[in-house]
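Atom set for the values below is all heavy atoms of this structure, side chains included, hydrogens, waters and symmetry mates excluded. Reminder, nothing fancy here: chain letters follow the sequence lines and each chain counts from 1. Everything quoted here is computed from the prediction, not taken from an experiment.
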Amino acid sequence: MAARAPHSLLVLCDTLELCPTTPGRVVDQASHGSHLTRIPIPGISIATDCSKASVRGKVFQKGPLVSLGDEEYVLKAVIEEEESVRSSSSRNTSINLILFGPLAKNFSLAVNQGEVVVVTGFTVGKSPTAYKDQLHPCNLLLSGDDACLHVRSCPPHCHSTRVSKSAKVSKYTYVPLNKLKPGAVVNVYGVVVFFKQPYKTRGTDFCSSLKITDKSNQKVGCNIFCERLEDHPKIFQLGDIIRMHRVKTQAFGGSINLLNTFGFSVVTFDGRPESTVVPRTSSKSFHFEQEDEQTVEELRTWAASQDLLPSTPRIQLSDVQHRSYFDLTCQLLWKAPVDTTCTLLTVWDGTRCAHPLQKFSVDASVIEGPSSLSQERLDLAVSILVFDNHAETAKQLKPGAYLRVYNLHATTGSSGAPCSSGVLEQNQLAFHLHGGTSYGRGLRVLPDDSPDIQELRRVVESFPVANSDIDLSDSAIIETWGTPPETLGNTERRCSHALQQVTLAEVKQSGPDHLFHVNAQLKSYQPRPLYQALKLHCPKCRAIQEIPDDDFLSEAFLKASKAPGRIADPWLLSESIHLPGDGPQSPGRTFSIHLSKEQFNGRRSRDLIYVTGATLEDVCQLAAAYKYILPVMSSGGSASLMDLSAPFLFRGTKRYYGCKQCSQVSVKELKVDGSEEINEEMIAEAVGVQLLQYGLQMKLELQQGLDTLQVILWRDAETFFQVSLEDVAANQEAQNKISETMDFLCPPARRMAERPWLDLCLTMYTVQDDNRLKHVCYQVCQTSTTLPSA
DNA sequence: GCTTAGGATTTG
């Protein structure tokens, strides 16, 4: 007992000058003089002569022992003036006590809440938390060789908390795990030998699945079901000690399982023998006695001797091996949603991974976290792809949080991974947290006071936070985080307004009649096949109709050709054309072409001809030789138009349709001055037709991270594709331009991450449907696409 | 007051 190193251990001391009549414990064995003056807590001030002072108070609050590494510790406690001494008018009766080094460690082990301590050799500081905690404006700092703290034990007869506490101990008996019988409600202690972080069940609750053991060496499985995550056992690593009250035993598969039952409560402790016994629980009130501390100590000492747990050293990024699974303790720097089943986390632990890492690309706009980060931090950062159920958990994480990722897989990078930036070099490593809970796969935030993160925190905080000249849009980061250059800028807004870009979520939250600028990817589009997007619409009545196919048109022309009738309009010159047949199977046929007499002698004679009795094929052939072809039929000897379901006018490969509703058909001679070039509007007017226009109607599903938005492309489709829809209706080349554009924006069989980001202008408006219900619509406007040059 | 799960690697 005599030859102990200073500061190292608790010493029982019954000859103290300070407290001659009551046996006590000294946490520090520095010598104390008898010349000390006891100062009441309210009387402490910066001016107090600490060399001659002692302060006595009851431990009101005992904080966790915080390790700063290298045997450096700090602990905060609050002591208060004992009630017997306190006068009702006293203020500042509670004061913060800050203990450093071995004294902190020893205090943590030896002193309990409610006990009375005497401190000497302290210094008085200004309390930085006085405003926040409303305690004494000063604090007592205990560090160095002079600092001393002495615990006053209670005499056996006193009514201190400790005595009444020990009376309660008998209320809880803990059943050894080998003595469990089915169908009982028991209290147990155990060492955690397997655990899964709480995971969502198919029922209403989360389930913590674990296995525990104790000195009996019996291993018992436990399933804890709670709806609230905070009610679950706080297990951070194998070897943690768990105490459960009111668990039910249940026979399952030839052994006994434990299940939480009504009144269930749980407390856990760090399992390392050298660490402070600090109960981890979210319970407002729980019983915790000296005896519990002893049980915990015993269990973890026993566990350490048993080789119960795989002796895996803590793995840091610098130790990671290819194809290994490990638990990583780290700090979250950034997070970004990738798709519905994957979230990308960027983390670091202050060490550098020795292997080349696979690069990922995520658009800067969906990243949550600081917008700039120092190169020093960035150099050590790694990306983790978090899948499925864990992606859900990851969504809740806040950048800056300290995390433990369980069963993280250091895997060979694959170019097929979501958001892979494409180029994959040999031996690149990627970190995957796979879906499911096998082997305890999961993710959890470690509390700020967790001893596990103190060292990590010290390391990471020693790095510069950010350089102002580096941010997310900087090329230094773009490799990992930016949009890859080959997909940059492929739609361009043509609008003149300078609106800020907003997120899809913000678009959805906005009121009607707004304009937005958004940056999004194209997740999907309709219609397929693409040609169905092309429509006809009337600029007058705004009706939209489908374009009839050639089978329908052939049939319509064939039917009309069989009964052409005679045309005897006096302003027309007619000529019959006989096409000989190939034989009895295909007899020859006759159709007529008609020309306006006025045109016949002019230079415009080939500009417009009227045709009767011709098939669609005939018309198309004539269209190669004449500018405009107007198919007509006889109606009482006069020329009249065919049904407006078919094109009423042909020009080359172009076809013109009329609106059935808005046309008042009557074929009259087209009067033109010889120098005037005729066009389809003039012809339409002469025959009483309201021309239909071509339109392109598409539904686009935009995606931004996990958010999607359905928008329409209609009014500005020509601008979008940089093509004339009349051309699209008439030629393959223009059609190809549309399909190539769509393939570029929404590449078939390519992942979202590889798709380009579109800079779009959207309008928002409401429409009323047939049931007078209002719908909000979004339409792409004033935006054009440019394909990358080959 | 008694469903959920009852450990045991993704296949990105």
Give a yes/no on whether any side-chain N or O of A/R202 is located under 4.0 angstrom from OP1 or OP2 of B/dT3. no

Under the criterion side chain to side chain contact (heavy atoms under 4.5 Å, CB included), I'd like the reasoning laid out for A/V382 against A/F431: C-alpha separation, chi angles, the key distance, then a yes or no. CA-CA 8 Å; A/V382 303; A/F431 295 105; 3.8 Å; yes

When every non-hydrogen atom of A/Q358 is compared with those of A/A417, the smallest separation belongs to NE2-CB, 4.3 Å

Can you give one letter per nucleotide of nucleotides 6-12 of chain B, going 5' to 3': B for a protein heavy atom under 4.0 Å from the base, S for sugar-phosphate only, - for none? BBSBB-B

Partners of A/D205 by side chain to side chain donor-acceptor pair (under 3.5 Å), sequence neighbours excluded? none

According to the ring-ring contact (aromatic ring centres under 6.0 Å, His included) rule, which pairs have a member within residues 238-285 of chain A, sequence neighbours left out? A/Y172-A/H245, A/Y174-A/H245, A/F269-A/F288

According to ring-ring contact (aromatic ring centres under 6.0 Å, His included), does anything in residues 192-222 of chain A pair up with another residue at least two apart or in another chain? List the pairs. A/F195-A/Y406

Which whole-number value in Å describes the distance from A/N260 CG to B/dA5 C1'? 11 Å

For atom P, what is the distance between B/dA5 and B/dG1, given to the nearest Å? 24 Å

Rounded distance in Å between the P positions of B/dT10 and B/dG6: 14 Å

Measure from CG on A/L210 to P on B/dA5 and round the result to the nearest Å. 16 Å

Could you give the CG-to-P distance, from A/N389 to B/dA5, as a whole number of Å? 13 Å

Those residues that, when tested against A/H434, pass side chain to side chain donor-acceptor pair (under 3.5 Å) (two or more places apart): A/H409

Report yes if the side chains of A/V502 and A/V507 come closer than 4.5 Å at any heavy-atom pair, otherwise no. yes

Which residues within residues 234-242 of chain A lie with some heavy atom under 4.0 Å of an atom in DNA chain B? none

Establish, for the pair A/R404 and A/Y402, whether the NZ or CZ atom is under 6.0 angstrom from the six-membered ring centre and no further than 45 degrees off its axis. no

